[in-house]
Amino acid sequence: MQHNEEKTCWNCPAALLKGNVDFRACGQSIAVIQNKISEEGLLIECTRRPELGMFEPSITFEQCPEWRETQYGYLLKEMRVMILGIDGYLGWTLALKIAKLGCRVSGIDNYLRRNAVAEKGSKSVVPIADMETRLKTAKEQHGVDIDFRELDLLDRDELAEYLREVQPEAVVHYGEIPSAPYSMVDAEHAIRTQHNNTLGTLGVLFLIKEICPEANILKLGTMGEYGTPLTGRPIFEGLFPADAVLTWRGQEWSMGGELTPRDPASFYHVSKVQDTFNVYEACKYWWLRSYDVMQGVIFGVHTEEVAAHPDLRTRLDVDEWFGTVINRFVAQAVLGIPLTVYGSGEQIRGYLALEDAMECMVRLLSSPPEPGQYDVVNQLSQLYKVKELAEIVARVGSRRHGLTVRIQRVENPRIEADEHPFLVVAKKLRENLGYQPKTPLEVEIDRMFTLLLQPRVRGRLESVRDTVFPKTWWSGEHKETMTLEVYEPGTHVMAGYSPDLVVSDHDGDE
Amino acid sequence: MKPKAAIIGLDGVPIHLLEDLAQRGVMPHTKELIKQGNLMKMRSSLPANSAASWSSMITGTNPGTHGVYGFTDFIPGTYTVSFHNSHKLKAPPFWSTAPEKRVLIINLPAAYPAQPLNGTMITGFVSPQLEKAVYPPDLYPRLRDGGYEVDVDASLFKKSVSLFLQKLEETLDRRTRVLDHLLEKDGYDLLFFVVTGTDRIEHHLWDAYADGTHDQHPEFLGFFKKVDDAIAHITSKLDPDAPLMMLSDHGMGPIETAVNLNTLLREEGCLVTGDTPRKNFNNIREETRAFASESSKIYLNHVDRFPRGSVKPEDTPKIQGELVDLLSGLRYNGRKVVKAVHLKQDIFRGPETGDAPDLVVTPENGFSFKTGLFKESLFEEDFLSGAHTEDDAFLYLRGWSQDDRLPEHPCIEDSIHVFRKLIGEKLDAA
């Protein structure tokens, strides 16, 4: 059974529900809608099957000839998907994957990521082709046509024109500056981050409302929006579950359906939280539908599609601003730099491999929320402590690649809890969307070592050596980050809190 | 230029109502017309709903030929109810068989969206968007700006009876004004005007008609007086001896009790439903043998028609027989509920019978059928007070030659053939 086979026209971006339902805010809609159906016979039209005329929105994906079965569930045939930020680490990878699955992929990018990395004196250590070459190679290697427009998402007139031309049925919004340290460099970087991210997203929402209101919006958020509450209260998937109750002064209130607290950890994370509210409100005001994807930290370089040809490779950054922790650890191991663990290294975060992240995105594309529904998924495979990751990278590097890897604890330039409980709920992708993590951490780390040890890549890595060590202090101070301790892998025991990941309703049952 | 002939439709008006109101002086113009012509009882279509019956009327064919069995049917391979639209009509309407004649059609039910024709068309209920209910399209802005409404929002009745009645009258007034405007602007060979407020008021206030002491009795009669005025107004646009046909698509009778057919089928083990979040036909499980839809239609859960179909072709007659027995035997307080159960093969003829319901049920006087899937009680009160009847619609003809024979027991699909004969030479000669 496919995870989305019983979804119906309510979930299909080809169904024209707008104007047919008097929709009210998230969490209050179902009763209103059911009432409408049973009493008044709600009817819709389909943009893909106009010959059906008006009909009840109850055709299931399994029954509808416009939805085709794939290994990730039913997928709308030739779904028109526009990726904002298609040139990036995730954007390009996803473009290839879904184009191969039969989606009609379009995308915009203004090369902000390439330029921002260059501005900080770094570059992708895996060489990446220019967009023209990428598109040409994608056609040659995978037989797919991807339509690209060099475009800043803040240029709303141009973007509006492109959206009108494409009429996307899904919009994947990766078009943001994705770096906490970058946003903490100084006022200029913080403002640039929030301007691009928050105002860019707000503008995009207005355009989607105007041009393609039925589109499934996959908005990339981050697990970092939630922070790491020291009480250890659960990190739900964006919204409180139906049975959550607030107790105060002997009285109880249901919290079901309300947004959970956010506690961002940088001005970048603040921009994501602002996005959350803007997307939430847009769904409420205009019936847009969105998944806010609270993504864990991505690692890795591999998908079948990007690995098919050197000119199809996606970028890999290892500098302190744009590199993610596991990728940076592998790079440090190759460079012979002791792996930089901040503070105690007891910070717990959620992680997933690039390949798994892409599968999650395909599954989210395959199962759009209902009109007006703002939904949130916590997209991660596993929780790890930072110093645990350092141990794993060191182990793979030494055992599989013969490297001598050491670990260093450095001063933590960030304002964050070094030690904290972390109880994360990440059920929806697994329970509702059929996702199971496929790429073991060690396997992906091994792939990265293999790639980064190639002479050409290693040479590029050497050239960005100076960007690897952390220098950006959340306090705004300009100072060196001191090494507190250098140690051999396997010599430090894990202490403190244990990561606690809930992936099903049965977790924790006796 | 005056139209040379006209058809006036009075949706849902039974012959006895027309005769009664004519006799009582509520409809004096109609009384006069009756004197001048032939009025006879006419059978509606089976099922007796406006979509099937008006489609039979305009095509002169049985639902098995025109393919319209109601306002809804099931999208093949699904349990999804799709709404009727004019593209689904499989037989040609009468105006398309004489394309040289200019026709003006106002408020014809089940004709949405309006399709191109030689003349003008404003479709009647149900027309979700006025813009698509109009041909030629350049008429739309005028209708929109003039506040033209295809139908009165029936839910108004619950909120305010007086506002509902006021809206019924306003809608009829606007329609006749549009008629005046169109006839002034252009010439037509044939006028076809349908009054649908009659059906609406009868559904909601049949009790007010039947009961002289009812609060809304005067308003009920008052509306039919307006209808009579409209008939007079329309006929004034014709020459006094111009061929005229008036007809209703079905009749109407009182409701005392509503019967939930799917509840009966569930209680008897014929219908088994699951529990998806939405209360639609997707809840039908494989064990289901039959289910009812749109008041009087019963479908077998055919293996080759529905996603979880389980009834094999060879089992159809047996299950039909069981359902006839079940329905025929249904009693409420000792009274028989079902007047007749018609088998598909007995009532439908033509190439479109594949989509037909397997059985059509008609109620005894005083009962109405409902087909909600999850109703608990078999019997309940109906919020309407009037229900369609299939055997007492009317057909009226002015200008019929006494030399010609009329069908003895006309049915609605005969009406357009009769009309052709009525206008025949006169229209050609003009």
Side-chain angles (χ1 to χ4, degrees), chain A residues 1-2 4-12 14-23 27 29-46 48-67 69 74 242 367 369-371 373 375 432, chain B residues 51 68 70-89 110-113 115 123 125-133 153-155 158 260 262 274-285 293-295 305-309 370-375 383:
Chain A
M1 180 173 166
Q2 293 283 8
N4 59 350
E5 67 181 36
E6 288 186 350
K7 297 273 175 189
T8 65
C9 309
W10 284 99
N11 303 88
C12 178
L16 291 174
L17 285 132
K18 196 180 177 197
N20 293 315
V21 188
D22 177 20
F23 183 78
S29 64
I30 299 299
V32 174
I33 288 166
Q34 280 179 351
N35 195 28
K36 284 258 170 200
I37 290 177
S38 56
E39 288 196 0
E40 295 173 30
L42 178 106
L43 299 167
I44 61 160
E45 289 173 281
C46 177
R48 287 177 169 237
R49 301 173 73 191
E51 73 279 6
L52 295 181
M54 307 286 291
F55 60 98
E56 192 188 32
S58 64
I59 303 177
T60 63
F61 289 1
E62 186 187 17
Q63 293 162 357
C64 181
E66 292 299 312
W67 287 79
E69 196 168 3
Y74 286 88
S367 191
E370 296 185 356
Q373 189 183 0
D375 205 352
N432 303 343
Chain B
V68 180
F71 278 105
T72 62
D73 57 18
F74 289 96
I75 294 172
T78 75
Y79 290 105
T80 292
V81 174
S82 84
F83 202 74
H84 174 68
N85 72 66
S86 58
H87 297 287
K88 295 184 182 176
L89 186 71
Y112 177 91
Q115 295 193 44
T123 64
F125 71 80
V126 175
S127 296
Q129 289 172 274
L130 183 59
E131 191 170 7
K132 293 183 188 169
D153 174 6
S155 70
K158 280 188 190 171
N260 289 310
N262 280 323
D275 190 20
T276 68
R278 296 208 160 96
K279 305 299 179 195
N280 53 37
F281 287 97
N282 271 338
N283 285 283
I284 288 176
R285 314 294 351 148
S293 168
E294 204 184 357
S295 58
R305 180 167 182 184
F306 293 106
R308 286 178 294 283
K370 304 283 175 195
T371 50
L373 208 49
F374 292 93
K375 295 285 185 183
F383 66 94

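Quantities reported herein were computed from a predicted structural model and do not represent experimental measurements. Side-chain atoms are counted along with the backbone in the values below, which use heavy atoms only and exclude waters and symmetry mates. In what follows, every chain begins at residue 1, and chains take the letters A, B, ... in the order their sequences are listed.
Remark: Lys375(B) NZ is loosely packed, at most 12 non-hydrogen atoms of other residues, nucleotides or ligands lying under 6.0 Å away. The number of heavy-atom neighbours closer than 6.0 Å to CD of Glu6(A), taken from other residues, nucleotides and ligands shown, is 12 or below.
The minimum heavy-atom distance linking Thr80(B) with Glu56(A) is given by the pair CG2-O, 3.0 Å. Nearest heavy-atom pair across Arg49(A) and Ile75(B) is NH2-CG2, 4.2 Å.
Proximity to chain A (any heavy atom under 4.5 Å) is restricted, for Lys132(B), to the side chain, taken from C-beta onward. Glu51(A) touches chain B through its backbone: at least one of N, CA, C or O sits under 4.5 Å from a heavy atom, while the side chain does not.
The backbone N or O of Thr78(B) lies less than 3.5 Å from no partner atom in the side chain of Gln63(A), so there is not a single donor-acceptor pair.
Checked against salt bridge (charged side-chain N to carboxylate O under 4.0 Å, His left out), Glu294(B) has the following partners two or more places apart in sequence or in another chain: Lys297(B). The side chain to side chain donor-acceptor pair (under 3.5 Å) check on Ser367(A) picks up nothing, with sequence neighbours excluded.
Summarising the geometry, atom CD belonging to Gln129(B) is positioned 6.0 Å from atom CD belonging to Glu45(A); distances are rounded to the nearest 0.5 Å. Between Leu52(A) atom CG and His87(B) atom NE2 the span is 12.0 Å, to the nearest 0.5 Å.
Residues Ser58(A) and Asn282(B) meet the side-chain proximity criterion, which asks for heavy atoms closer than 4.5 Å.
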